[in-house]
Amino acid sequence: MKKFFEDFKAFALKGNVMDMAVGVIIGGAFTGIVTSLTENFINPFLFWITGGTGYRLYKWSEITGYGSAFLSSVINFIILAFVLFCMIRAINKAMTMGKKEEEADPTTKQCPYCKADIPIDAVKCMHCTSDVE
């Protein structure tokens with residue numbers, strides 16, 4: 001059972017799954033912005049132009065109320081995006097916490113005469129043509 005949970009944790013915290021989850025959540029929040037824009041600005045404007053069933057002269061207080069509803073949905077989106085950013089950052093930090101950074105074996109060395117970088121298995125410097133041990 002312990003192996004099952006370890007495998008699930010590795011799957012759930014894999015980059016592709018986290019990216020997809022963030023995309024779905026941000027997409028849902030952005031849908032709220034688009035819906036608010038449509039309901040609060042575009043539809044009243046279209047009704048006013050066409051004289052449709054919702055036609056009436058809007059009072060200034062109603063128009064500012066629509067603006068505040070749209071602003072509220074934009075602020076909700078920004079707060080949600082910030083919280084997601086902080087959560088993903090914390091998860092990424094927790095995932096790298098126990099891992100050691102492995103030092104790679106050097107692939108070059110320095111020529112003792114001209115101080116140029118040369119391949120580690122070179123026996124002659126390609127810059128000054130001196131013999132290298």
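- Residues satisfying the side chain to side chain donor-acceptor pair (under 3.5 Å) criterion with Lys124, sequence neighbours excluded, are Asp131.
- Every residue meeting the side chain to side chain contact (heavy atoms under 4.5 Å, CB included) condition with Ile88, not counting sequence neighbours, appears here in chain and number order: Met18, Val22, Asn92.
- Under the 4.5 Å side-chain heavy-atom criterion for Ile, Leu, Val, Met, Phe, Trp and Tyr, Ile26 and Val74 are members of the same hydrophobic cluster.
- How far OG of Ser68 is from CD1 of Ile75: 10.0 Å, rounded to the nearest 0.5 Å.
- Hydrophobic cluster of Phe5: the remaining members, joined at side-chain heavy-atom separations below 4.5 Å, are Met1, Phe4, listed by chain and number.
- Residues Asn40 and Phe70 approach most closely at ND2-N, 3.9 Å, considering heavy atoms.
- Under the side chain to side chain donor-acceptor pair (under 3.5 Å) criterion, Asp121 pairs with no residue, sequence neighbours left out.
- The hydrophobic cluster containing Ile91 also contains Leu84, counting ILVMFWY residues as joined when their side-chain heavy atoms lie under 4.5 angstrom apart, directly or transitively.
- Applying the side chain to side chain contact (heavy atoms under 4.5 Å, CB included) rule to Ala116 yields the partners Cys114, His127; only residues at least two apart in sequence or on another chain are considered.
- For Tyr113, the side chain to side chain contact (heavy atoms under 4.5 Å, CB included) partners at least two apart in sequence or on another chain are Cys111, Cys128, Ser130.
- Phe82 shares a hydrophobic cluster with no other residue; no ILVMFWY side chain has heavy atoms under 4.5 Å from its own.
- Note on Ile79 and Ile25: separate hydrophobic clusters, where clusters join Ile, Leu, Val, Met, Phe, Trp and Tyr whose side-chain heavy atoms are under 4.5 Å apart, directly or indirectly.
- Residues that satisfy the side chain to side chain contact (heavy atoms under 4.5 Å, CB included) test with Thr35, not counting sequence neighbours, are Thr31, Glu39.
- Judged as a side chain to side chain donor-acceptor pair (under 3.5 Å), and not counting sequence neighbours, the contacts of Lys3 are Asp7.
- Shortest non-hydrogen contact noted between Pro106 and Ile120 is O-CD1, 3.6 Å.
- Side-chain N or O atoms of Thr38 include one that pairs as donor or acceptor with a backbone N or O of Val34 at under 3.5 Å.
- Grouped by direct or indirect side-chain proximity (heavy atoms under 4.5 Å, Ile/Leu/Val/Met/Phe/Trp/Tyr only), Ile118 sits with Met126, Val132.
- Using a 4.5 Å cut-off between side-chain heavy atoms of Ile, Leu, Val, Met, Phe, Trp and Tyr, with links allowed through other members, Phe85 and Phe30 fall into different hydrophobic clusters.
- Here the closest non-hydrogen pair linking Gln110 and Lys115 is NE2-O, 3.3 Å.
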